[in-house]
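Data block below; observations after.
Order of appearance sets the numbers: ligands from 1, and atoms from 1 within every ligand. None of these values were measured; they are calculated from a predicted model. Starting from 1, each residue takes its place in the sequence as its number.
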Amino acid sequence: MNVLVTGGAGIIGSNFVRLALAERAAWRIVVVDALTYAGNLENLAGIEAGFPGRYRFVKADVADAPAVEKIFAEEKPSLVVHFAAESHVDRSVLGPMDFVRTNVLGTATLLDAARKAWREKPGRFLQVSTDEVYGALGETGAFAEATPIAPSSPYSASKASADMLALAYHRTFGLDAVITRCCNNYGPYQFPEKLIPFMISRFVDGEKLPVYGNGMNVRDWIHVDDHNRGVLLAIEKGRAGEVYNLGARCERKNIDLVRSLLELLLKARGVAAEKLESRIAFVKDRPGHDWRYAIDPSKAERELGFRPEVPFEEGLAKTVQWYVENEKWWRDVQSGAYRDYVAKVYGGQTSE
Ligand code: NAD
Ligand code: DAU
C-alpha cells in the first residue's frame, strides 16, 4: 500500500514514519515535506537504510497544486496522512498568513488532488488536527467531539478551517476523510520552540525559564508515540466523516510541568541542587492564551480501542534523557546547521 505522509520531517510525522514502517509491513511511505524552519531531515535519518525500498522523500509544498498532483500521479497513494502544518501558536501571532497558506490552502490543495485522483478507486484521507480548535476551557469540563469549534489563535483558526474543508469534501464529494484531534505532544525530535524542549535547552544554557502569565494555564499531555498509535487506529478503524479526539487524560499546570522538568534536569545532568525557583521567570502572557485544554478521548477508546501506553512521568523522564543525550541535535537546530543536512546527506537525491 502506498501511503503519502505530509509533514514527515516534523516531530509527529517523523515519529509516525518510524512507527508505521516498523509496524505495518505492507506499507511503502512517501514523505512530502517543504522543509520549512520546522522540517529537519535529521529526524528521518536512518529510515532509508532501515526500510530499504519502502521509503521516499519528496521536498514539496502542500499548497503547490501542480507539485501535489504530480506526486499523486507518480505514487498513486491509497492513503494520505496529513501532518504538514505551521504548528506553533506564538509564530501565528507574529505572522498569521503562513498559517493560512499552509494549513488552509495546503489542506484544500491535498483534498482536491485526492478528490481527483480517487474518482475510480477511493482512498482514505486522515486529517491530523488539534484540540486547540475547540478554544479554551474554564476550570472544569473536557472537549468532546461535539464541543463547538471556537478557535482563539490564527493557528487554531487555520486548523479548524482545514478540518471544515475535510468534512465538506466528505459531505459534498463523498471523500473518505477522518479527523483526529489530539492534545499537546511531547517526545524526541520536537523543535526547541515548544514548551518542553525549549525549557530544557534554556536550562542547559543557564538561561531563565520564561513562564507565560501566572503559569496556571493547563495543557493536556500525550507521548508522541501514543498519539501516533491513535492515528494508526483511526486510519484502520475510524468511520468516514467522523472526528476522534485523542488524549491520555494527563492535565498539568504549566508551572508544575516546568518544576518537574527542573527536577528531572538536575538529576539527569548531575548538577548540584540549587534554588529551583530562581530559574523561573514569569513573563508577559501570550495574547489570546487559552486557559485550559482537556481532551475527552472516550469515543476513540470505545470505537477504536485506543489506549495510551506511556505513563506521563516515565515518558517525561525518558524525553528529558533524550534531549540530554542528543544535545547535538538541538544545538544544530539552534545554530542553523541542521539546514546543511539536506545538501550533505540527500544532495541530488531529494526530488523537488
Ligand atoms: P512540526 O512543526 O514539528 O512539523 C511540521 C512539518 O510540516 C515540518 O516538517 C514542516 O517542514 C512541514 N511543513 C510545514 N509547512 C509545509 C508545507 N507548506 N508543505 C509541506 N510541508 C510543510 O509540527 P508537529 O508538531 O509535528 O505537528 C504535526 C501536525 O500535528 C500538525 O498538523 C499539527 O497541527 C498537529 N498537532 C500537533 C500537536 C503538537 O502538540 N505538536 C498536537 C495536536 C496536533
Ligand atoms: O494542544 C495541541 C497544541 O499544542 C498543538 O496543536 C500545537 O501545534 C502545539 O504547538 C501545542 O500548542 P501550545 O500553545 O499548547 O504549545 P506550546 O509548547 O507553545 O506551549 C505550551 C504551554 O506553555 C502554553 O500554555 C504556553 C506556555 N509557554 C510556552 C512557551 C514556549 C510558556 O509558558 N512559556 C514558553 O516559553
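- Taking the six-membered ring wherever Trp is involved, the centroid distance between the rings of Trp322 and Tyr189 falls below 6.0 Å.
- Looking only at distances, a side-chain donor or acceptor of Asp226 sits under 3.5 Å from a matching main-chain atom of Val310.
- Ligand 2 has an N or O atom lying under 3.5 Å from an N or O atom of Asp131, backbone or side chain.
- By the 6.0 Å and 45° rule, Arg219 does not stack over the aromatic ring of Tyr186.
- The local environment of CZ in Arg302 is crowded, with over 12 non-hydrogen atoms from other residues, nucleotides or ligands closer than 6.0 Å.
- Considering backbone and side-chain N/O of Trp221, none are found under 3.5 Å from N/O of ligand 2.
- Here Ser156 pairs with Ser153 under the side chain to side chain donor-acceptor pair (under 3.5 Å) rule; sequence neighbours left out.
- Neither the backbone nor the side chain of Ser156 comes within 4.0 Å of ligand 2, counting heavy atoms alone.
- The protein atom (non-hydrogen) at minimum distance from atom 8 (O) of ligand 2 is Ser87 O, 2.7 Å.
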Under 3.5 Å: N or O atoms of ligand 1 paired with protein N or O:
| from | atom 1 | to | atom 2 | distance (Å) |
| --- | --- | --- | --- | --- |
| ligand 1 | 2 (O) | Ser87 | OG | 2.7 |
| ligand 1 | 3 (O) | Ile11 | N | 3.2 |
| ligand 1 | 9 (O) | Gly10 | N | 3.0 |
| ligand 1 | 9 (O) | Asp33 | OD1 | 3.3 |
| ligand 1 | 9 (O) | Asp33 | OD2 | 2.6 |
| ligand 1 | 11 (O) | Asp33 | OD1 | 2.5 |
| ligand 1 | 11 (O) | Thr36 | N | 3.1 |
| ligand 1 | 11 (O) | Thr36 | OG1 | 3.1 |
| ligand 1 | 11 (O) | Gly39 | N | 3.4 |
| ligand 1 | 18 (N) | Asp61 | OD1 | 2.9 |
| ligand 1 | 18 (N) | Thr102 | OG1 | 3.0 |
| ligand 1 | 19 (N) | Val62 | N | 3.0 |
| ligand 1 | 21 (N) | Ala34 | N | 3.0 |
| ligand 1 | 23 (O) | Ser87 | OG | 3.3 |
| ligand 1 | 26 (O) | Ile11 | N | 3.4 |
| ligand 1 | 26 (O) | Ile12 | N | 2.9 |
| ligand 1 | 32 (O) | Phe83 | O | 2.9 |
| ligand 1 | 32 (O) | Lys159 | NZ | 2.6 |
| ligand 1 | 34 (O) | Tyr155 | OH | 2.6 |
| ligand 1 | 34 (O) | Lys159 | NZ | 3.1 |
| ligand 1 | 40 (O) | Asn185 | N | 2.9 |

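- When each atom of ligand 2 is checked for a heavy atom of Lys194 under 4.0 Å away, the hits are 9 (C), 10 (O), 18 (O).
- Each of the following atoms of ligand 2 lies closer than 4.0 Å to a heavy atom of His88: 19 (O).
- The two residues Ala240 and Arg124 make their nearest non-hydrogen contact at N-NH2, 3.4 Å.
- Ligand 2 lies less than 4.0 angstrom from a heavy atom belonging to Glu193.
- Considering both main-chain and side-chain atoms, Asp90 never comes within under 3.5 Å of ligand 2 through any nitrogen or oxygen pair.
- Residue Glu132 approaches ligand 2 through these ligand atoms, each under 4.0 Å from one of its heavy atoms: 1 (O), 2 (C), 3 (C), 4 (O), 5 (C), 7 (C), 11 (C), 12 (O), 13 (P), 14 (O), 15 (O).
- Remark: ligand 2 atoms within the under-4.0 Å shell around heavy atoms of Tyr155 are 5 (C), 6 (O), 7 (C), 8 (O).
- Salt bridge present: Glu309 and Arg229 bring a charged side-chain N and a carboxylate O closer than 4.0 Å.
- Side-chain N or O atoms of His170 include none that pairs as donor or acceptor with a backbone N or O of Asp176 at under 3.5 Å.
- The nearest protein atom to atom 29 (C) of ligand 2, hydrogens excluded, is given as Tyr212 CE1, 3.5 Å; this is a heavy-atom distance.
- The hydrophobic side chain of Val218 is isolated, with no ILVMFWY side chain under 4.5 Å apart from it.
- From the protein, the heavy atom lying nearest to atom 27 (C) of ligand 2 is Asn254 ND2, 3.5 Å.
- Proximity of a side-chain donor or acceptor of Arg292 to a complementary backbone N or O of Gly138 within less than 3.5 Å is detected.
- No N or O atom of Phe198 sits closer than 3.5 Å to an N or O atom of ligand 2.
- Nearest to atom 17 (P) of ligand 2 by heavy atom, out of Arg292, Arg219, Arg91, Arg286, is Arg286.
- Considering backbone and side-chain atoms alike, Tyr293 places every N or O at 3.5 Å or more from each N or O of ligand 2.
- For the residue pair Asn217 and Tyr212, the shortest heavy atom distance occurs at OD1-O, 4.5 Å.
- Interface atoms of ligand 2 facing Val211, defined by a heavy-atom separation under 4.0 Å, are 33 (O).
- A salt bridge between Lys328 and Glu42 is absent, with no side-chain N of the basic residue lying under 4.0 Å from a carboxylate O of the acidic one.
- Taking the six-membered ring for Trp and thresholds of 30 and 60 degrees, Tyr293 and Phe143 have ring planes inclined between 30 and 60 degrees apart.
- Ranking protein heavy atoms by distance to atom 16 (O) of ligand 2, first place goes to Asn184 ND2, 3.5 Å.
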Could you list the donor-acceptor pairs under 3.5 angstrom formed by side chains in residues 105-116, with sequence neighbours left out?
| from | atom 1 | to | atom 2 | distance (Å) |
| --- | --- | --- | --- | --- |
| Thr107 | OG1 | His82 | NE2 | 3.0 |
| Thr107 | OG1 | Asn103 | O | 2.6 |
| Thr109 | OG1 | Leu105 | O | 2.6 |
| Asp112 | OD1 | Arg115 | NE | 2.9 |
| Asp112 | OD1 | Arg115 | NH2 | 3.2 |
| Asp112 | OD1 | Tyr169 | OH | 2.7 |
| Lys116 | NZ | Glu69 | OE2 | 3.0 |

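- Note on ring orientation: taking the six-membered ring where Trp is involved, the planes of Phe83 and Phe16 are tilted (angle from 30° to 60°).
- With respect to Lys318 and Glu314, a salt bridge is recorded, a charged nitrogen being found less than 4.0 Å from a carboxylate O.
- Distance from atom 34 (N) of ligand 2 to its nearest protein heavy atom, with residue and atom name: Pro210 O, 2.8 Å.
- Backbone and side-chain nitrogen or oxygen atoms of Leu195 are examined, and one is located within less than 3.5 angstrom of a nitrogen or oxygen of ligand 2.
- Near His289, with a cut-off below 4.0 Å to any heavy atom, the atoms of ligand 2 are 24 (C), 25 (O), 26 (C).
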